[in-house]
Every structure is written in structure tokens, then in C-alpha cells.
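This one's a predicted model, so the numbers in the text were calculated from it and none came from an experiment.
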Amino acid sequence: MTFLFVVDTETTGLSAETAQLCEISGTLYRIGPSKETTGAIASVSALMPVKFDDLITNESEAINGITQELTESVCGFAEGYGYHKHAVDLFVEMANSADYVFAFNAEFDKAFLKTLIRTDNWICAMQDFDWGYPKKAHGNYKLIDLALWLGIGISTAHRAGDDVRLLVECLNRSKGNLRDSIDKAIVRANSPIFEVQALVSYADRELAKAAGFSWNAPQKIWLKQVKECDFQEFVQTLSFEVEVF
């Protein structure tokens, strides 16, 4: 059997260098030998204490609805080692007991959870797990899009607990054999990432953009990150040459 720790975070911004963690949530998910022995077995969710000042504001409040007053109210509980400490301790314990941490956008969540979750065994539900969802060239899509495609109704979103429950239900409704899908996702998660340069002229720049490459202004080149396991197949879809950067 395999245990996943399905996680999500809410933060005050997008950059881990300047933003702060304001909410965590996780569910321990067991993948057993049968459908009857597979599913969520324990969950935890908690706001994190954030003290705002002139440099720290919740730029994401309009999205996650977490107000400054709500996060500041947690500070007193955190300093008194109340429910908050128990919730965070449980979060860490559940992470340590899992085989893999499973997040929809693992690169984002991992940057904010590195002090709580020490393991490098992360699986990105968006990039590593094959749901069968028809992705665009750049490979990114939203959790809500995936859920709707799987026939899951959306009532609430953008709080950490809501998004974890949604991702758990996506696992419950995933197509095919979940054990096989996880094994393949593990292989992809461990595959090295190449930085690939598109060798295109200025006139053909739209070809690179359409293939998911991004313009690197300082170096004046088009770049895209591609997993080693996807490289050969990806190159065959292009009408221009590339170079591993």
C-alpha cells in the first residue's frame, strides 16, 4: 500500500521570498490493494499566524478571503500553544508518515512548506499525474477545471481545506487504475528537468510561444522546462530546432 499526504496552502502572495504562509491543510490518503481499501483516512487544516506590517500585506485576500484580522487573531493562540500548535504538529506528523506529498501545484506549495515538510518525495498532481485531462501546450491548468472535467461539482474553493478536499475527490474519481497511475507519476516526479532553448528567428517567435516557451529578456532567448522523460516526444511535435540550455 502507499500513503499520500494531499496538501494545499494559502499564502499572502505568490513569491516565497516575500510572501508568508497563512493557511495549511492536508489529508492522509491510503492507496490500498482494492477500491474498498483506498481513500482519505485523516485530515487537518489550520490558519497560520501572520503579523502584517508595511512590508507584508495579503495580496491574495481577494482570492482566498483570508483577512488580515483573521490571521492576526491566530497569533495569540500560536503564542499560547493552543489548538494551533497541535494542528501544525499533526500536519508535520502526517507528512512524515506518508510515502509521498501530493499537491496540485507542487513547486509552489513545496517552496512555502520547506520548513514543515522535509521530504523531497513530492508528486505534482498537475504535471506528474496523468488524469487524461486534455492539457494545452504549456501543460498548466486549474484544479477547478480538472474537477469539473471529472464531473465534480464546485461549491467552495481557494481555502486550503476546500482545495485539498477537491483534490482528494479527484483521486477518488480518477480514471483507470490508481495504483498504476501513481507509479507512473512517481517516475515522472523523479525525472530530471531540462532547460530547453527554442532556436527560432524573430519572425518565428510565435511558434516558440505557441509551444509553451517563455521569453527570457536578459538572455534574449526563448526557454522552456521539459522533463527528461518527455523530451524526445516533445521535440517531435516541434517545427523548429531546440537546444538543451
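Annotation for Ala46 and Ala87: closest pair CB-CB, 3.7 Å, computed over non-hydrogen atoms. Nearest heavy-atom pair, Ala95 versus Ile117, reported as atom, atom and distance to 0.1 Å: CB-CG1, 3.9 Å. For Ala98 against Leu28, the heavy-atom pair with the smallest separation is CB-CD1, 3.9 Å.
Going from atom CZ of Arg159 over to atom OG of Ser25 covers 10.0 Å, rounded to the nearest 0.5 Å. Glu228 contributes atom CD, which lies 11.5 Å from atom CG of Asn190 (distance to the nearest 0.5 angstrom). Interatomic distance, OG of Ser174 versus CG of Asp130, reported as 10.5 Å (0.5 Å rounding). The line from CD of Gln197 to NZ of Lys224 is 15.0 Å long, rounded to the nearest 0.5 Å. Atom CD of Gln20 and atom OG1 of Thr9 lie 13.0 Å apart (nearest 0.5 Å). Interatomic distance, CG of Leu70 versus CG of Leu47, reported as 5.0 Å (0.5 Å rounding).
Side-chain contact check for Leu143 versus Cys170: some heavy-atom pair is nearer than 4.5 Å. Between Phe108 and Leu14, some side-chain heavy-atom pair lies under the 4.5 Å cut-off. Side-chain contact check for Phe194 versus Val242: every heavy-atom pair is 4.5 Å or farther apart. Between Phe240 and Phe213, the closest side-chain pair of non-hydrogen atoms falls below 4.5 Å. Using a 4.5 Å cut-off on side-chain heavy atoms (C-beta onward), Ile144 and His158 make contact. Side-chain contact check for Trp222 versus Lys209: some heavy-atom pair is nearer than 4.5 Å. With contacts defined as side-chain heavy-atom distances shorter than 4.5 Å, the pair Arg165/Thr27 does not qualify. Considering only heavy atoms from C-beta on, Leu167 stays 4.5 Å or farther from Asp8 through its side chain.
Just one of Asp109, Val7, Leu171 meets the side chain to side chain contact (heavy atoms under 4.5 Å, CB included) condition when paired with Phe102; it is Leu171. Exactly one residue among Leu150, Ile152, Val164 makes a side chain to side chain contact (heavy atoms under 4.5 Å, CB included) with Glu169. That residue is Ile152.
Val244 and Leu199 are assigned to two separate hydrophobic clusters, defined by single-linkage of ILVMFWY side chains at heavy-atom distances under 4.5 Å. Tracing side-chain contacts under 4.5 Å through hydrophobic residues (I, L, V, M, F, W, Y), one never reaches Ile186 starting from Ile193; they form parts of separate clusters. Hydrophobic clustering keeps Trp122 apart from Val187 (ILVMFWY residues linked when any side-chain heavy atoms are closer than 4.5 Å, directly or through intermediates). Linking Ile, Leu, Val, Met, Phe, Trp and Tyr whenever their side-chain heavy atoms come within less than 4.5 Å leaves Phe112 and Ile63 in two separate clusters.
Although no hydrogens or angles enter the test, the distance criterion places no donor-acceptor pair under 3.5 Å between the side chain of Arg179 and the main chain of Pro33. Formation of a donor-acceptor pair under 3.5 Å by the Asn216 side chain with backbone atoms of Gln219 is found in this model. Glu10 places no side-chain N or O within 3.5 Å of a backbone atom of Asn64 that could act as its donor or acceptor partner. A donor-acceptor contact shorter than 3.5 Å links the side chain of Trp131 to the backbone of Ala125. Checked by atom type and distance alone, the side chain of Thr12 never pairs as donor or acceptor with a backbone atom of Leu21 at under 3.5 Å. A distance-only check finds a donor-acceptor pair linking the side chain of Arg188 to the backbone of Gln127 [under 3.5 Å]. Listed for the Arg173 side chain is a donor-acceptor partner under 3.5 Å among the backbone atoms of Gly151. Side chain of Thr38 to backbone of Gly32: a donor-acceptor contact under 3.5 angstrom is found.
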Between Leu178 and Tyr29, is a side-chain contact (heavy atoms from CB on, under 4.5 Å) present by the stated rule, with each step listed?
-> CA-CA 12 Å; Leu178 182 57; Tyr29 191 93; 4.0 Å; yes

Evaluate the side-chain contact (heavy atoms from CB on, under 4.5 Å) criterion for residues Leu113 and Phe91: first the C-alpha distance (whole Å), next the side-chain angles of each, then the deciding distance (0.1 Å), finally the verdict.
-> CA-CA 11 Å; Leu113 291 172; Phe91 182 90; 4.1 Å; yes

Apply side-chain contact (heavy atoms from CB on, under 4.5 Å) to the pair Met48 and Glu23, showing each step before the final yes or no.
-> CA-CA 5 Å; Met48 302 295 284; Glu23 189 174 41; 5.6 Å; no

Going through the checks in order, is the side-chain contact (heavy atoms from CB on, under 4.5 Å) test met by Leu90 and His86?
-> CA-CA 6 Å; Leu90 179 57; His86 295 305; over 6 Å; no

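Other residues, nucleotides and ligands place no more than 12 heavy atoms under 6.0 Å from the CD atom of Glu107.
Taking the six-membered ring where the residue is Trp, Tyr141 and Phe104 present perpendicular rings, their angle passing 60° and hence far from 30°.
Salt-bridge formation is not detected for the pair Lys184/Asp180: no Lys NZ or Arg NE/NH1/NH2 atom is positioned less than 4.0 Å from an Asp or Glu carboxylate oxygen.
Taking the ring axis of Trp149 as reference, the NZ or CZ atom of Lys175 stays within 45° of it and closer than 6.0 Å to the ring centre.
Side-chain contact annotation: Thr2 with Asp99, donor-acceptor N/O pair under 3.5 Å absent.
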